[in-house]
Protein chains: 2
Amino acid sequence: MEQGNTDVTGGCQLVKATLTRIGDKWTILVIRMLGERPMRFNELRRKIDGVSQRMLSLTLRGLERDGFVIRSVRPTVPPQVDYTLTELGTSLLVPVRALGDWAFAHEAQVEAARARYDRLQGQAAVPALTAKTGDPDELAPHFG
Amino acid sequence: MEQGNTDVTGGCQLVKATLTRIGDKWTILVIRMLGERPMRFNELRRKIDGVSQRMLSLTLRGLERDGFVIRSVRPTVPPQVDYTLTELGTSLLVPVRALGDWAFAHEAQVEAARARYDRLQGQAAVPALTAKTGDPDELAPHFG
DNA sequence: CTGAATCCATGAGGATACTG
DNA sequence: CAGTATCCTCATGGATTCAG
């Protein structure tokens with residue numbers, strides 16, 4: 001057990017680990033889909049636009065490993081695999097939704113701040129520098 | 001109103017974007033550090049163990065851009081730059097702490113699930129694939 | 001002290017093909 | 001249907017160097 005400077009550091013490691021865990025590209029999508037009802041593999045695949053077979057498989061395996069979903073196989077002739085959210089997985093939905101509410105409530109503020117920052121950067125920076133029309137990403141992180 | 005984001009698909013994109021945004025390696029650390037009090041660059045650098053100069057700089061730029069922190073420069077002889085959490089940044093601390101509470105409350109469950117999964121995987125794997133020397137007298141819980 | 005610029009290692013994730 | 005295996009690309013981020 002290591003100790004940091006303050007309790008912030010210690011608590012942060014845990015939050016950070018959780019965020020890293022569920023902060024990947026597909027985990028939240030899958031969890032929220034399964035939050036509605038259990039689904040089969042290809043059903044998820046169809047509902048989550050853009051996910052590759054490989055990544056959906058990897059994501060589900062990770063979720064199963066961490067106890068967020070249950071994978072139940074029915075040995076029918078065409079294999080049928082259902083993924084169900086566990087109670088642990090459902091409980092995670094609560095803080096995730098809280099974060100979603102925050103995002104929804106502050107989306108405009110963030111976008112405004114971004115636009116303002118980019119605008120000021122474009123004009124107040126070095127005068128003789130390449131004009132950068134920085135506008136491409138709307139809500140996507142630029143480095144995160 | 002229920003949760004702010006009604007539709008799973010639509011709401012998910014927003015949650016996912018936020019998670020991706022703050023789910024990187026240092027953002028949460030920085031936000032929570034600044035949640036205690038404003039700090040200078042090297043003070044943050046010292047307090048956040050393992051962060052490189054480059055990443056701290058990039059993280060702070062991103063946070064400033066999104067309106068989470070204010071960067072104030074005092075033109076002293078050795079430059080002094082203070083980073084302060086804005087109200088928007090402080091508000092983000094709320095759902096982040098909620099997620100932290102969840103993580104703290106369910107840490108054991110996740111670890112247990114992981115350990116169980118890894119244990120089962122290690123012994124119930126494909127028989128004739130990995131040369132496992134016949135698996136003599138390992139703790140062999142009956143599959144199924 | 002506070003950065004920016006450059007180089008480089010690693011890994012997440014996409015495309016494709018194959019299996020049971 | 002439900003995956004696994006392989007290859008490949010590119011973003012993340014660490015180390016180092018340069019600058020104001």
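First the proteins, then the strands, lettered A, B, ... as listed; each starts at 1.
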Tell me: CD of A:E43 to P of D:dG3, nearest whole Å?
13 Å
Take atom CG of B:L60 and atom C1' of C:dG3, then tell me their distance rounded to the nearest Å.
11 Å
No-hydrogen, no-angle side-chain donor-acceptor test under 3.5 Å, A:S91 and B:W102:
yes
Specify the separation, in whole Å, of atom CD1 of B:I48 and atom P of D:dG13.
13 Å
Between B:D24 (CG) and D:dG14 (C1'), how many Å, whole number?
14 Å
Where do B:V69 and B:T84 land on the side chain to side chain contact (heavy atoms under 4.5 Å, CB included) test, with the steps shown first?
CA-CA 5 Å; B:V69 304; B:T84 312; over 6 Å; no
Once you round it to whole Å, what is the distance between P of C:dT2 and CD of B:E64?
15 Å
Check the distance between D:dG14's P and B:R45's CZ and give it to me in whole angstrom.
12 Å
Under 4.0 Å between any heavy atoms, over every strand shown, what does A:R74 touch: base, sugar-phosphate, or nothing? Just pick one.
nothing
How would you label the contact of A:R71 with the nucleic acid (heavy atoms, under 4.0 Å): base, sugar-phosphate, or nothing?
sugar-phosphate
Touch check for A:R54, heavy atoms < 4.0 angstrom, all strands: base, sugar-phosphate only, or nothing?
base
Report the distance from atom CG of A:L56 to atom P of C:dT16, rounded to the nearest whole Å.
18 Å
Starting at CE of B:M55 and ending at C1' of C:dT2, how long is that distance when rounded to a whole Å?
17 Å
For D:dC1 and A:Y83 - does any side-chain N or O of the residue sit under 4.0 Å from the phosphate oxygens OP1/OP2?
no
How close do B:T76 and B:Q80 get, counting heavy atoms only, and between which atoms?
OG1-N, 3.7 Å
Using heavy-atom distances to pick each residue's nearest nucleotide on DNA chain C, tell me which of A:L58 and A:P79 is more 5'.
A:L58
Assess the residue pair A:T27 and A:L63 against the criterion (side chain to side chain contact (heavy atoms under 4.5 Å, CB included)); give the C-alpha distance rounded to whole Å, side-chain angles, the decisive distance to 0.1 Å, and a yes or no.
CA-CA 8 Å; A:T27 292; A:L63 288 174; 3.8 Å; yes
At less than 4.0 Å, is any side-chain N or O atom of A:S57 found next to OP1 or OP2 of D:dA2? Yes or no.
no
Using modelled atom types and a 3.5 Å cut-off, is there a donor and acceptor pairing between side-chain atoms of B:T20 and backbone atoms of B:K16?
yes
From the options D:dG3, D:dG14, C:dG13, select the nucleotide whose nearest atom is closest to the side chain of A:V81.
D:dG3
When you measure from the side-chain N and O atoms of A:R61 to the phosphate of D:dT4, is any distance below 4.0 Å, counting only OP1 and OP2?
yes
Contacts of B:Q53 and A:N42 projected onto DNA chain D by closest heavy atom; the upstream (5') one is A:N42
